[in-house]
Amino acid sequence: MKCNTNQQKTTVNVALTGLMGALVLVGTYLNVPIPVLGDKTMIGLGNVFCILSGLLLGPVYGGAAAGIGSFIFDLIGGWASSAPFTLVFKFMMAFVCGTIAWGGDRSAKKLSRLILAAVAGSLSYCALYLGYSYVKELLIGSAVQVVNIKIATKAAATLTNAVIADVVAVPLFLTIRKALDRNHVGGKLQE
């Protein structure tokens, strides 16, 4: 569903961005919290919808949906101090995914390109989140050994989320795209 700049298409794109942002928010609530030495992380379904946003809506609208939905979750879900970082990191996740998936020629319809887009988006988020967590822990004065244990635990959860997101979002995208094409909706949104 390529985004367009004419007024009618912009309205549709903003509505779809809101819908996907809501799905990101709800998906993030479907989680298993993991305590990490006085901190916390989680394994959940939010990243599935972040990647799906990038695949469906492209880099900008998909990034906005992923960032805003995750930001709202952080604000109301007990993670408010990290909400601004989450906004940027989840935006970047969907932006990277959407940029690769929507880039260039017709190869965007190839499964290999979709998988590459999803994996690159997920790994970009992993790098941003783990880098932020590492620096934050060092800045608050945690011992290096404690920081390493926390980061190892967060890395395991974050990589698990990445695998779940990529394994679920790509087939889900293909199913949605097929349904849209069959009902002649996808082409109208791309013009």
Side-chain angles (χ1 to χ4, degrees), residues 16-17 19-34 36 39-103 108 112-139 147-173:
L16 291 171
T17 301
L19 173 65
M20 289 308 298
L23 288 173
V24 168
L25 174 62
V26 170
T28 308
Y29 270 105
L30 302 173
N31 69 69
V32 176
I34 300 172
V36 184
D39 199 357
K40 56 187 174 179
T41 192
M42 64 182 160
I43 294 175
L45 298 178
N47 288 0
V48 170
F49 296 103
C50 290
I51 292 297
L52 186 60
S53 293
L55 293 173
L56 283 172
L57 303 176
V60 176
Y61 288 106
I68 293 168
S70 299
F71 176 80
I72 292 170
F73 172 82
D74 277 8
L75 287 179
I76 60 180
W79 307 70
S81 65
S82 64
F85 296 99
T86 299
L87 173 70
V88 173
F89 298 166
K90 297 289 182 148
F91 175 90
M92 288 305 299
M93 171 195 263
F95 184 85
V96 168
C97 176
T99 298
I100 293 170
W102 285 40
S112 59
R113 186 178 189 121
L114 297 174
I115 292 170
L116 173 64
V119 169
S122 291
L123 290 178
S124 68
Y125 173 74
C126 291
L128 289 167
Y129 172 69
L130 294 173
Y132 159 77
S133 296
Y134 189 81
V135 169
K136 181 180 94 172
E137 289 298 325
L138 290 177
L139 288 175
V147 173
N148 290 338
I149 292 169
K150 285 184 174 184
I151 295 303
T153 305
K154 287 184 176 198
T158 301
L159 290 171
T160 300
N161 282 330
V163 169
I164 292 168
D166 297 344
V167 167
V168 174
V170 171
L172 187 57
F173 167 74

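Atom set for the values below is all heavy atoms of this structure, side chains included, hydrogens, waters and symmetry mates excluded.
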Visitor: Would you indicate whether the side-chain heavy atoms of Phe173 and Leu114 approach each other to under 4.5 Å?
Guide: yes
Visitor: Please assess Thr41 against Tyr129 for the test side-chain contact (heavy atoms from CB on, under 4.5 Å), listing each intermediate value before the final yes or no.
Guide: CA-CA 11 Å; Thr41 192; Tyr129 172 69; 3.6 Å; yes
Visitor: Do Ser124 side-chain atoms and Gly121 backbone N/O form a donor-acceptor pair below 3.5 Å?
Guide: yes
Visitor: Working to the nearest 0.5 angstrom, can you tell me the gap between Ile100 CD1 and Arg113 CZ?
Guide: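 If I round to the nearest 0.5 Å, the distance is 8.0 Å.
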Visitor: For the OH atom of Tyr134 and the NZ atom of Lys154, what is their distance to the nearest 0.5 Å?
Guide: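 Nearest 0.5 Å value for the OH-NZ distance: 13.5 Å.
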Visitor: According to the interplanar angle, ranging from 0 to 90°, do the rings of Phe85 and Phe89 count as parallel (below 30°), tilted (30 to 60°) or perpendicular (above 60°)?
Guide: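 Because their plane-to-plane angle lies in the 30° to 60° range, the rings of Phe85 and Phe89 count as tilted.
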Visitor: Determine whether Asn47 and Ile164 make a side-chain contact, defined as any pair of heavy atoms from C-beta on separated by less than 4.5 Å.
Guide: no
Visitor: Would a 4.5 Å heavy-atom cut-off, applied to side chains only, mark Ile51 and Asp166 as touching?
Guide: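 SC-SC contact between Ile51 and Asp166 confirmed.
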Visitor: Rounded to the nearest 0.5 Å, how far apart are CG of Leu55 and CZ of Phe49?
Guide: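 The CG atom of Leu55 sits 12.5 Å away from the CZ atom of Phe49.
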Visitor: Under the side-chain contact (heavy atoms from CB on, under 4.5 Å) rule, what do Trp79 and Lys40 come out as? Steps first, then yes or no, please.
Guide: CA-CA 9 Å; Trp79 307 70; Lys40 56 187 174 179; 3.4 Å; yes
Visitor: Could you report the tightest heavy-atom contact between Gly54 and Trp102, atom names first, then the distance?
Guide: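 For Gly54 and Trp102, the tightest heavy-atom pair comes out as O-NE1, 3.8 Å.
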Visitor: For Ser70, which of Val88, Thr86, Leu25, Leu87 qualifies under side chain to side chain contact (heavy atoms under 4.5 Å, CB included)?
Guide: Thr86
Visitor: So, for Val24 and Ala65, which heavy atoms are closest and what is the spacing to 0.1 Å?
Guide: CG2-O, 4.1 Å
Visitor: Rounded to the nearest 0.5 Å, what separation is found between the CG atom of Leu128 and the CG atom of Leu123?
Guide: 11.0 Å
Visitor: When you look at Leu56 and Leu16, which way does the side-chain contact (heavy atoms from CB on, under 4.5 Å) test go after all the steps?
Guide: CA-CA 9 Å; Leu56 283 172; Leu16 291 171; over 6 Å; no
Visitor: With the side chain counted from C-beta on, respond yes when Lys90 and Cys50 share a heavy-atom pair under 4.5 Å apart, and no when they do not.
Guide: yes
Visitor: Give me the atom names and distance for the closest heavy-atom approach of Gly62 to Leu57.
Guide: N-CB, 3.5 Å
Visitor: Of all heavy-atom pairs between Ser122 and Ala162, which one has the smallest distance, and what is that distance?
Guide: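 Reported closest heavy-atom pair: CB-CB, 3.7 Å.
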Visitor: Using modelled atom types only, decide if a donor and an acceptor are shared between the side chain of Asn161 and the backbone of Met42 within a distance under 3.5 Å.
Guide: yes
Visitor: Could you check whether any side-chain N or O of Asp74 sits under 3.5 Å from a backbone N or O of Ser81, counting only pairs where one atom can act as donor and the other as acceptor?
Guide: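 Not a single qualifying donor-acceptor pair exists.
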Visitor: For the residue pair Ala157 and Ile34, what are the closest heavy atoms and their distance?
Guide: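 Heavy atoms of Ala157 and Ile34 come nearest at CB-CD1, 4.1 Å.
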Visitor: Less than 4.5 Å apart, side chain to side chain, heavy atoms only: is that true for Tyr29 and Ile76?
Guide: yes
Visitor: For Pro59 and Thr99, which heavy atoms make the closest approach, and how far apart are they?
Guide: CB-OG1, 3.4 Å
Visitor: Measure the spacing between CG of Leu172 and CG of Leu52 and express it to the nearest 0.5 Å.
Guide: 5.0 Å
Visitor: Going from CD on Glu137 to CG on Leu139, what distance comes out if it is rounded to the nearest 0.5 angstrom?
Guide: 9.5 Å
